[in-house]
Structures are given as structure tokens and as C-alpha cells.
*Asks:* 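Okay, handing you the structure first.
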Amino acid sequence: MRGAARLAAAVLVPGLVAALSLSGAGSAAADEAPRHRGGAVATLDGLKTYDTAVLRVNGEDQRLPAGLFEMTVDGGGRLKTYCVDIHNPTQDQATYLETPWDQTSLGANKNAGRIRWILDHSYPRIDDLAALAKSAGSGPLTEKTAAAGTQVAIWRYSDGADVDAADAAAGKLADWLEKSAKDSAEPKASLTLEPSAVSGRAGEPIGPVTVRTDATGVTVTPPADAAASGIRITDKDGAPVTTAVDGTELYFDVPTDSADGSAAFGVEATTSVPVGRVFAGATKSQTQILAGSSDSTVSATATANWAAEGAIPAVTAEKNCAEGGVDVTAANQGDAPFTFELAGAEHTVAPGESTTVTVPVVEDEAYEITVTGTGGFSRTFTGVLDCLTAGAPEPANEPETKQASSQPLPASAGGSSTGGTAGAGIVTGAGTGGGALSGDLAETGSSSATPVIAGVAIALVVLGGGAVFFLRKKKESAGTQTGTPTDGE
């Protein structure tokens with residue numbers, strides 16, 4: 001029986017990079033791990049159908065756009081999404097990954113299920129606007145006001161925001177959705193492979209890797225060099241597999257005389273991604289939740305390592321929002337212990353067992369975790385930990401000139417940013433609703449204390465001779481800039 005030991009290891013992450021080095025037995029090709037567990041990958045096209053909302057922050061009203069974003073799926077397909085992080089801006093053309101709730105701010109949100117209920121009972125899921133208006137008792141709705149009312153109701157549950165729709169009918173819709181919402185379960189992933197990495201001996205089935213999908217079927221693609229290497233993807237009886245369904249168990253069939261190494265296979269399908277799936281930015285960008293999907297391309301990848309003798313590691317990683325870090329799991333299917341070092345401490349994984357090391361990383365900042373070992377083993381995991389909704393900006397120390405009530409006030413809600421720094425850009429949006437809004441974004445999601453914290457931590461490491469520290473930064477604002485929020489491009 002495989003045992004599992006959870007090691008709470010804290011690693012200093014003073015800036016954008018967290019580095020984890022493992023050394024031990026095993027042989028595999030150096031590679032970068034897939035950035036997500038599977039599903040849809042999409043590019044944000046901007047806020048397309050929206051009207052105006054009024055957000056109360058620090059006793060002042062801020063007008064901002066509220067409504068539906070659209071995304072283009074890699075490989076084909078379109079998505080419509082709402083925001084679940086009102087004080088965070090979006091990044092233009094940001095890449096988004098289908099992500100489990102527990103790896104986002106919804107994981108710790110007791111009202112996450114109510115948000116899914118809202119999505120299932122409002123626009124665009126319900127596109128008969130007359131029927132929706134009758135259910136809500138709102139009066140006539142347009143696509144723009146229906147989208148705005150739905151977004152407002154979501155923000156009340158995702159961020160606890162004090163927000164209303166500017167349009168009266170949209171406001172009544174938001175109130176009805178908020179009052180009527182009931183807890184609903186998280187929808188299943190469109191496509192994943194579990195686990196995403198396995199290990200074993202050449203000549204023996206290596207696996208199983210189980211297909212988990214909402215699609216009616218998936219196509220299985222063997223390793224790129226399958227014809228030359230002789231590696232096949234099979235079922236438990238050794239029969240080659242080219243298609244699979246939910247629950248299918250797949251195995252790597254590696255010829256007995258193969259040199260120690262590694263390989264990967266992929267699965268792909270075309271399906272409608274379930275409403276309520278979360279999409280998190282591959283870089284820091286406003287978290288989104290799915291409101292509608294065309295038939296879209298979804299995919300996942302699994303890898304295998306094999307060796308003739310000794311330790312045979314398989315390493316995976318996933319975000320752990322509860323602990324504010326990334327869980328790196330090292331499993332060993334060899335006949336010798338797998339030993340690795342982390343921050344000066346040595347750990348050993350016995351044959352047939354696995355160990356999970358939690359690596360704390362800084363909230364909102366990119367991380368890079370590299371696992372290396374003897375014999376050329378290398379695996380790098382990258383991403384952004386975005387587990388908390390951004391808080392409302394603090395009141396400015398100096399009085400600011402009030403803008404006319406017809407103009408949006410400084411806020412990042414529903415907005416976007418060009419380039420890599422949130423709040424640095426001036427963008428415009430001219431989707432199908434509400435007219436175009438433009439202006440400087442408010443600066444959010446950062447702290448002016450971060451450089452000081454990082455400097456102190458570095459000094460402590462030097463003085464402590466290898467002592468390990470845990471740093472976790474919650475989202476906070478560094479103040480607001482004057483200007484006008486964007487419309488969410």
C-alpha cells in the first residue's frame with residue numbers, strides 16, 4: 001500500500017520566483033510541466049455586453065461597467081464569463097486556464113455554490129429575456145441590463161461588495177437573484193487526467209491514468225515518437241487505445257529493452273464547458289467564472305518516467321489555496337528510496353510511497369518551482385497563486401477632486417490593464433453594450449510594503465544560516481490613481 005507523508009516545508013519567496021530543487025535517483029528528460037490539470041485554455045477578448053453599476057467604496061460611489069466578458073478558446077470555441085474579483089483589473093489578451101474552485105478564491109467562499117445557481121438561472125443561460133424579467137419581476141430587460149444585473153448579484157457573493165445596478169430593471173434582477181440563490185455543487189471539469197504523472201518499469205504497464213471528462217468521448221494521442229520508440233497507450237489488458245470516455249484507465253506500454261526515460265500522451269475533445277467552471281489567469285488577471293460556452297476544444301496531458309532499477313520518481317504539483325502555496329508531490333515506484341533535499345533538509349520517499357511538500361509562494365505573483373534530480377531529471381512548474389479576492393482600496397490620505405457623477409470614478413472593477421503591470425495602462429472598450437469607457441486604472445493587488453518585507457526576509461536568511469521562513473502576502477491596494485476605470489477589455 002502506498003503511504004503518503006505531508007511535509008510542511010516553508011520556502012522564502014522574496015519576489016517573483018520560488019525555487020525548489022530536488023536531487024535523487026531516477027532518469028527522465030528535462031521538461032516543463034503543463035500549466036494546468038486539463039480542460040480549456042482561452043484568451044480574454046474583453047468586456048462585450050455590459051451596462052453600468054454603482055460600487056460604494058469608503059463611503060463614495062464609483063460607477064463602473066458590469067457585464068459579460070468573452071474569450072476565444074485555443075483550438076476553437078467561444079466562452080462568456082463574469083468576473084468574481086471586483087477590485088482586480090484584467091490584463092489585455094491574458095491567457096486563462098480552466099481551474100478547480102479550490103485553487104481560486106471560490107475555494108474558501110461559502111457562497112460559491114450560490115454563484116453557480118445565479119449562472120444557471122440568469123442571462124445568458126436564460127436567454128428569453130421576457131421570461132427572465134417575469135421571474136424576477138424586474139420590468140423589461142435588454143441583453144446589456146440583464147448582464148449587468150447578473151454581474152452585480154455575483155459580485156455581492158464573490159466579493160461581498162456593496163454594489164447596485166444603475167438601471168432600475170437590472171437592479172431588481174440583481175436583488176431577485178441574490179435573494180433566490182441556493183447552494184449548488186461545483187461542476188465537474190471538462191477534461192482532466194488523474195494523475196498527470198506516473199512512473200514504473202519498462203516492460204510493465206505504467207499507470208493507470210484515469211480520464212475524467214464531461215465530454216461524450218476523447219481522442220487519445222500517443223507520444224510524438226511512438227512509431228520509433230514503440231511506446232503505446234493501452235487499456236489494462238494491453239490493447240491499444242485511440243479513444244476513451246469518462247472513467248477509462250490508460251497505461252503506458254514501454255518496450256522492455258527501452259533505455260531509461262520519459263514520455264507523454266495527450267487527450268482532446270470538443271465539448272461545451274460546464275457553466276460554473278472557473279477560469280484563472282496564467283498571469284495576474286481578474287478571475288472569471290463561466291456563464292456560457294460554445295463547443296470548445298479541451299485537452300489534458302500525462303507523463304510517465306521509467307527505469308530499469310533504482311528509484312523511479314513521478315512528480316506533480318498543484319496550487320493549495322488553503323495553505324497559501326503549491327503542493328509538490330513526489331511518488332516513487334522504483335525498488336530503491338528516492339532521496340531529495342529541500343532548503344537544506346533531506347527527505348526520503350520509500351519505494352511505493354509518496355511525499356507532498358507544500359511550498360509557500362507570494363499571493364498574486366508568478367512562481368517557478370523546479371524539481372531536478374540525478375540522471376538528467378528535471379521538471380519545472382510555473383503559475384500564479386491567486387487565492388484571495390482583492391480588498392477595496394484604502395481611502396486616500398489627501399482629498400481628491402470629485403468627478404462628475406456621469407463619469408466612472410477610480411476603480412479597477414471590471415477593468416483591464418495593458419502590459420504586465422496592473423493599473424498601468426489606459427484602455428478602451430466598445431463592446432455591444434453601454435458605450436465605450438476609457439481612462440487610467442486604479443492600482444490594485446499590490447502593497448507598498450512588499451519590497452521592505454522582501455528585504456528584511458533576505459537579511460534574515462543570511463543571518464540565520466539557512467533558516468526557513470514563510471511569507472504570504474494578502475491582496476491589498478497601494479492606493480488609487482486618479483482617472484476613469486475602463487470598460488473591461
*Asks:* So, the side chain of E98 versus the backbone of G39: is there a donor-acceptor pair under 3.5 Å, distance only?
*Replies:* no
*Asks:* Applying side chain to side chain contact (heavy atoms under 4.5 Å, CB included), run through D85 and Q288 and close with a yes or a no.
*Replies:* CA-CA 8 Å; D85 197 352; Q288 306 280 314; over 6 Å; no
*Asks:* Can you tell me if D327 uses its side chain to pair, donor with acceptor, with the backbone of T356 under 3.5 Å?
*Replies:*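 Checked: no pair found.
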*Asks:* For the OG1 atom of T43 and the OH atom of Y96, what is their distance to the nearest 0.5 Å?
*Replies:* 10.5 Å
*Asks:* Do we see a donor-acceptor contact under 3.5 Å between the side chains of T99 and R277?
*Replies:*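 On atom types as modelled, these side chains do not qualify, holding no pair under 3.5 Å.
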*Asks:* So, K319 side chain and C387 main chain: donor-acceptor pair closer than 3.5 Å or not?
*Replies:* no
*Asks:* Between the side chains of R78 and T72, does any donor sit under 3.5 Å from an acceptor?
*Replies:* yes
*Asks:* Specify the closest pair of heavy atoms between V384 and A282, including all atoms of both residues, with the distance to one decimal.
*Replies:*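 Nearest heavy atoms, V384 then A282: CG2-O, 3.5 Å.
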*Asks:* Using side-chain heavy atoms (C-beta onward) and a distance below 4.5 Å, is K48 in contact with K80?
*Replies:*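 Sidechains of K80 and K48: no contact.
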*Asks:* Drop me the distance from L68's CG to Y50's OH, to the nearest 0.5 angstrom.
*Replies:* 12.5 Å
*Asks:* Looking only at atom types and distance, does a side-chain atom of S158 sit under 3.5 Å from a main-chain N or O of I154, one as donor and one as acceptor?
*Replies:*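 Yes, because the side chain of S158 sits within donor-acceptor range (under 3.5 Å) of the backbone of I154.
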*Asks:* Show your reasoning for whether side-chain hydrogen bond (donor to acceptor under 3.5 Å, both in side chains) applies to S299 and E268.
*Replies:* CA-CA 4 Å; S299 61; E268 185 175 287; 5.2 Å; no
*Asks:* What's the shortest heavy-atom distance between W155 and C83, and which atoms?
*Replies:* NE1-SG, 3.3 Å
*Asks:* Let me know which of N109, L106, I115 forms a side-chain contact (heavy atoms from CB on, under 4.5 Å) with W101.
*Replies:*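 Exactly one pass, corresponding to L106.
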*Asks:* A40 and V273: which non-hydrogen atoms are nearest, and at how many Å?
*Replies:*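 Taking every non-hydrogen atom into account, CB-CG2, 4.1 Å.
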*Asks:* Can you tell me how far the OG1 atom of T90 sits from the CG atom of L47, to the nearest 0.5 Å?
*Replies:* 8.0 Å
*Asks:* For the pair S296 (side chain) and S294 (backbone), establish whether a donor and an acceptor sit closer than 3.5 Å, ignoring hydrogens and angles.
*Replies:*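 Yes; at least one donor-acceptor contact below 3.5 Å.
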*Asks:* Using side-chain heavy atoms (C-beta onward) and a distance below 4.5 Å, is V84 in contact with Q286?
*Replies:* no
*Asks:* Which residue in the set T389, D386, N88 passes side-chain hydrogen bond (donor to acceptor under 3.5 Å, both in side chains) when paired with T287?
*Replies:*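 When T389, D386, N88 are each tested with T287, the side-chain hydrogen bond (donor to acceptor under 3.5 Å, both in side chains) holds only for D386.
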*Asks:* Kindly give the heavy-atom pair with the smallest separation between Y157 and A181, and that separation in Å.
*Replies:* CE1-CB, 4.0 Å
*Asks:* Going through the distances and angles, do R201 and E309 end up as a salt bridge (Lys or Arg N to Asp or Glu O under 4.0 Å)?
*Replies:* CA-CA 8 Å; R201 297 183 182 282; E309 59 184 10; over 6 Å; no
*Asks:* Any salt bridge between D214 and K188, counting N to O under 4.0 Å?
*Replies:* no
*Asks:* Please check if the side chain of N320 supplies one atom and the backbone of V326 the other of a donor-acceptor pair under 3.5 Å.
*Replies:* no
*Asks:* Taking the side chain as C-beta and beyond, is there a heavy-atom pair between D92 and L44 under 4.5 Å?
*Replies:* no
*Asks:* Using the rule salt bridge (Lys or Arg N to Asp or Glu O under 4.0 Å), only one of R114, K172, R156 pairs with E178; which is it?
*Replies:*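 Among R114, K172, R156, the one meeting salt bridge (Lys or Arg N to Asp or Glu O under 4.0 Å) with E178 is R156.
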*Asks:* Is there a side-chain contact between T219 and V267 (heavy atoms, below 4.5 Å)?
*Replies:* no
*Asks:* Examine distances only and state if a side-chain atom of D235 and a backbone atom of A239 form a donor-acceptor pair shorter than 3.5 Å.
*Replies:* yes
*Asks:* Would you compute the distance between atom CD1 of I206 and atom CG of L250 and round it to the nearest 0.5 angstrom?
*Replies:*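 That separation rounds to 13.5 Å.
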*Asks:* Looking only at non-hydrogen atoms, find the nearest pair between T213 and D246 and report the distance.
*Replies:*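 Nearest pair, atom of T213 first, then D246: N-OD1, 3.1 Å.
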*Asks:* Any chance you could measure L132, atom CG, to S138, atom OG, to the nearest 0.5 Å?
*Replies:*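 Reported to 0.5 Å precision, the distance equals 6.5 Å.
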*Asks:* Kindly indicate whether the side chain of P195, heavy atoms from C-beta on, has any atom under 4.5 Å from the side chain of V198.
*Replies:*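 Yes; the side chains approach each other to less than 4.5 Å.
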*Asks:* For Y82 and F69, I'd like to know if the aromatic rings sit close, meaning centre-to-centre distance below 6.0 Å.
*Replies:* no
*Asks:* Is any side-chain heavy atom of L79 closer than 4.5 Å to a side-chain heavy atom of S293?
*Replies:*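 Side chain of L79 against side chain of S293, heavy atoms only: contact under 4.5 Å found.
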*Asks:* Regarding D295 and T270, do their side chains bring together a donor and an acceptor under 3.5 Å, going by distance alone?
*Replies:*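 No donor-acceptor contact under 3.5 Å links the two side chains.
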*Asks:* Do T329 and V315 come close enough that some side-chain heavy atom pair is under 4.5 Å?
*Replies:* no
*Asks:* Could you check if a side-chain atom of R116 sits within less than 4.5 angstrom of a side-chain atom of P187, using non-hydrogen atoms only?
*Replies:*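 Result yes, sub-4.5 Å side-chain heavy-atom pair found.
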*Asks:* To the nearest 0.5 angstrom, please state how far the CD1 atom of I118 sits from the CD atom of Q151.
*Replies:* 10.0 Å
*Asks:* Okay, side chain of S229, backbone of I231: is any donor-acceptor separation there less than 3.5 Å?
*Replies:*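 Present.
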*Asks:* State whether a side-chain donor-acceptor pair under 3.5 Å links S285 with Q91.
*Replies:*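 There is no such pair between these side chains.
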*Asks:* Measure from the side-chain N and O atoms of S199 to the backbone N and O of I312, and report whether any donor-acceptor pair falls under 3.5 Å.
*Replies:*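 Yes, S199 side chain to I312 backbone: donor-acceptor pair under 3.5 Å.
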*Asks:* Taking A331's backbone N and O only, do any of them form a donor-acceptor pair with S354's side chain (distance below 3.5 Å, no angle check)?
*Replies:*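 No, because the side chain of S354 does not come within donor-acceptor range (under 3.5 Å) of the backbone of A331.
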